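Because the structure is predicted, anything quoted here is derived from the model rather than measured.
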Amino acid sequence: MSWSLEERLALIYPLSNVLIDALPDALKRKLTGQMTRVRLPLRAPLYEPNETPRHIHFITSGIASVVSTTLEGSTTEVTTLGREGIPQGVHLLGSVPVPTRCFMQIAGTALRMEYATMQRLFASEEEVRRVVLAYAQYQTALLGQIAGCNRLHSAEARLSRWLLMIQDRTANSLLRLTQEFLGEMIGSQRTTVSEVAGDLQARGLIEYSRGTIRILDRVGLENTVCECYSVTRKLIATLYRLTEQSLYPEDPSEVEG
């Protein structure tokens, strides 16, 4: 079976999940013995609003997006998940319906388990609860920061932050993204995305053509972001430190700190 370009680009990092890597070896073997490795194509749904999921996915490559949709159909992203993510982890915390939906924004892979099986392990295994709760705390802090950023900061700062956060998780400088899709992710109109991307391209920071963005100058792009990027990167790096792993580009202080 052949792999698409998006799927090949998603495989820069090893096919592992940070939270699984953080478990003791015996428990890791117990979990992975009940999992199936699956491919997750672009736009693959991971959970739908107010529904109990059938499976739980430990993302091993690619990027998932959690979005909120209004009654009028407007969509905005509330958070992204890389190989530190378990999209359905929030469902394990209780019976309150989850109003967001989650899907793959960059194709990748995951380790999949029956949701009911994971519920039993979450209830019976202290170490499983520890990593799931650490992930839930991280997601809560990340969601709050991104919500503030979407409300208070410019479209340029939000787009730059989003591109850097994706590169941090994938180590890729090339991303396949349409104007419409980018608009959904940063909560802006397609025309606004076009103007901002065009300006970043004119300054030599990115190359944007036919739904493809290539990051040309990461340092320059970092100079356009608000303080939210530094905060969100530190939050993600904290989770990666559970297994002494680091984000791209590697920063020794994030491993040692």
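Side-chain atoms of Arg169 come within 3.5 Å of backbone N or O of Thr80 as a donor-acceptor pair. Panel note: side chain Thr109, backbone Val38; no donor-acceptor pair is recorded below 3.5 Å. Looking at Asn17, its side chain does come within 3.5 Å of a backbone N or O of Gly85 through a donor-acceptor pair.
Screening Leu242, Leu143, Ile236, Leu133 for a side chain to side chain contact (heavy atoms under 4.5 Å, CB included) involving Tyr138 leaves a single residue, Ile236. Checked options Val225, Thr170, Leu142; the residue passing with Met165 is Leu142 (criterion: side chain to side chain contact (heavy atoms under 4.5 Å, CB included)).
Judged as a salt bridge (Lys or Arg N to Asp or Glu O under 4.0 Å), the pairs with a partner in residues 45-56 (not counting sequence neighbours) are, in order, Glu48-Arg101. Annotation: ring pair (Phe, Tyr, Trp, His ring centres under 6.0 Å) contacts involving residues 30-64, sequence neighbours excluded, comprise Tyr47-His91. Sorted by first and then second residue, the pairs that involve residues 123-147 and meet salt bridge (Lys or Arg N to Asp or Glu O under 4.0 Å), not counting sequence neighbours, are Lys30-Glu125, Glu127-Arg130. Residues in residues 55-66 take part in no salt bridge (Lys or Arg N to Asp or Glu O under 4.0 Å) pair, two or more places apart or across chains.
In this structure the side chain of Ile86 never reaches within 4.5 angstrom of the side chain of Ile59, judged on heavy atoms. Residues Val66 and Pro87 fail the side-chain proximity criterion, which asks for heavy atoms closer than 4.5 Å. Side-chain contact between Asn50 and Val98 is absent, with no heavy-atom pair separated by less than 4.5 Å. Annotation: side chain of Cys226 is in contact with side chain of Cys149 (closest heavy-atom distance under 4.5 Å). Side-chain contact between Ser160 and Leu200 is present, with at least one heavy-atom pair separated by less than 4.5 Å. Thr36 is not listed as a side-chain neighbour of Met113, based on a closest heavy-atom distance of 4.5 Å or more. Counting heavy atoms from C-beta on, the side chains of Leu42 and Ile106 never come closer than 4.5 Å. Residues Met118 and Val128 meet the side-chain proximity criterion, which asks for heavy atoms closer than 4.5 Å.
For Thr32, the side-chain hydrogen bond (donor to acceptor under 3.5 Å, both in side chains) criterion is met by no residue, not counting sequence neighbours. Under the side-chain hydrogen bond (donor to acceptor under 3.5 Å, both in side chains) criterion, Arg203 pairs with Glu156, Asp199, not counting sequence neighbours. Every residue was checked against the side-chain contact (heavy atoms from CB on, under 4.5 Å) condition with Val96, not counting sequence neighbours, and none meets it. Tyr229 is linked by a side-chain hydrogen bond (donor to acceptor under 3.5 Å, both in side chains) to Asp168, Arg218, counting only residues two or more places apart in sequence or in another chain. Judged as a side-chain hydrogen bond (donor to acceptor under 3.5 Å, both in side chains), and not counting sequence neighbours, the contacts of Gln139 are Thr79, Tyr135. Scored by the side-chain contact (heavy atoms from CB on, under 4.5 Å) test, Asp25 finds Lys28, Arg29 as partners (sequence neighbours excluded). Applying the side-chain contact (heavy atoms from CB on, under 4.5 Å) rule to Thr238 yields the partners Arg241; only residues at least two apart in sequence or on another chain are considered.
Taking every heavy atom of both residues into account, Ala136 and Leu93 meet most closely at CB-CD1, 3.7 Å. The heavy-atom pair separating Tyr208 from Ala197 by the smallest distance is CD2-CB, 3.7 Å. Contact record, Gly89 with Ile56: N-CD1, 4.3 Å, taken as the closest heavy-atom pair.
Rounded to the nearest 0.5 angstrom, Gln201 CD and Ile206 CD1 are separated by 6.5 Å. Interatomic distance, Leu164 CG to Leu221 CG, rounded to the nearest 0.5 Å: 4.5 Å. Summarising the geometry, atom OG belonging to Ser173 is positioned 6.0 Å from atom CD belonging to Gln167; distances are rounded to the nearest 0.5 Å. Residue Gln88 holds its CD atom at 11.5 Å from OG1 of Thr52, rounded to the nearest 0.5 Å. Atoms CD and CG, on Glu84 and Leu235 in that order, are 11.0 Å from each other to the nearest 0.5 Å. In this structure, OG1 on Thr117 lies 15.0 Å from CZ on Phe122, to the nearest 0.5 angstrom.
Taking hydrophobic clusters as Ile, Leu, Val, Met, Phe, Trp and Tyr residues chained together by side-chain heavy-atom distances below 4.5 Å, Trp162 does not share a cluster with Leu216. A single hydrophobic cluster is seen to contain both Leu121 and Tyr115, as judged by linkage of ILVMFWY side chains at heavy-atom distances under 4.5 Å, directly or through other members. Leu152 and Ile146 fall into different hydrophobic clusters, where Ile, Leu, Val, Met, Phe, Trp and Tyr side chains are chained together by heavy-atom contacts under 4.5 Å.
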- prompt: Could you go step by step and tell me if Ile213 and Glu207 meet the side-chain contact (heavy atoms from CB on, under 4.5 Å) rule?
  reply: CA-CA 6 Å; Ile213 290 183; Glu207 184 178 79; over 6 Å; no
>> Run the side-chain contact (heavy atoms from CB on, under 4.5 Å) test on Leu23 and Leu19 for me, step by step, so that the C-alpha distance in whole Å, both residues' side-chain angles and the decisive distance to 0.1 Å come before the verdict.
In response: CA-CA 7 Å; Leu23 294 171; Leu19 299 179; over 6 Å; no
- request: I would like to know whether Leu81 and Cys102 meet side-chain contact (heavy atoms from CB on, under 4.5 Å); could you show each step before the answer?
  value: CA-CA 10 Å; Leu81 318 173; Cys102 183; 4.3 Å; yes
Using the rule given for side chain to side chain donor-acceptor pair (under 3.5 Å), can you reason through Gln245 versus Arg83, listing the C-alpha separation, both sets of side-chain angles and the distance that settles it, and then say yes or no? CA-CA 11 Å; Gln245 298 178 34; Arg83 52 184 290 270; 3.0 Å; yes
task: Take Met104 and Ile63 through the side-chain contact (heavy atoms from CB on, under 4.5 Å) test and state the conclusion after the steps.
output: CA-CA 6 Å; Met104 295 299 291; Ile63 298 291; 5.8 Å; no
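Donor-acceptor pairing under 3.5 Å is lacking for the side chains of Thr232 and Arg161.
Annotation for Gln137: atom CD does not count as buried by contact number, only 12 or fewer foreign heavy atoms lying within 6.0 Å.
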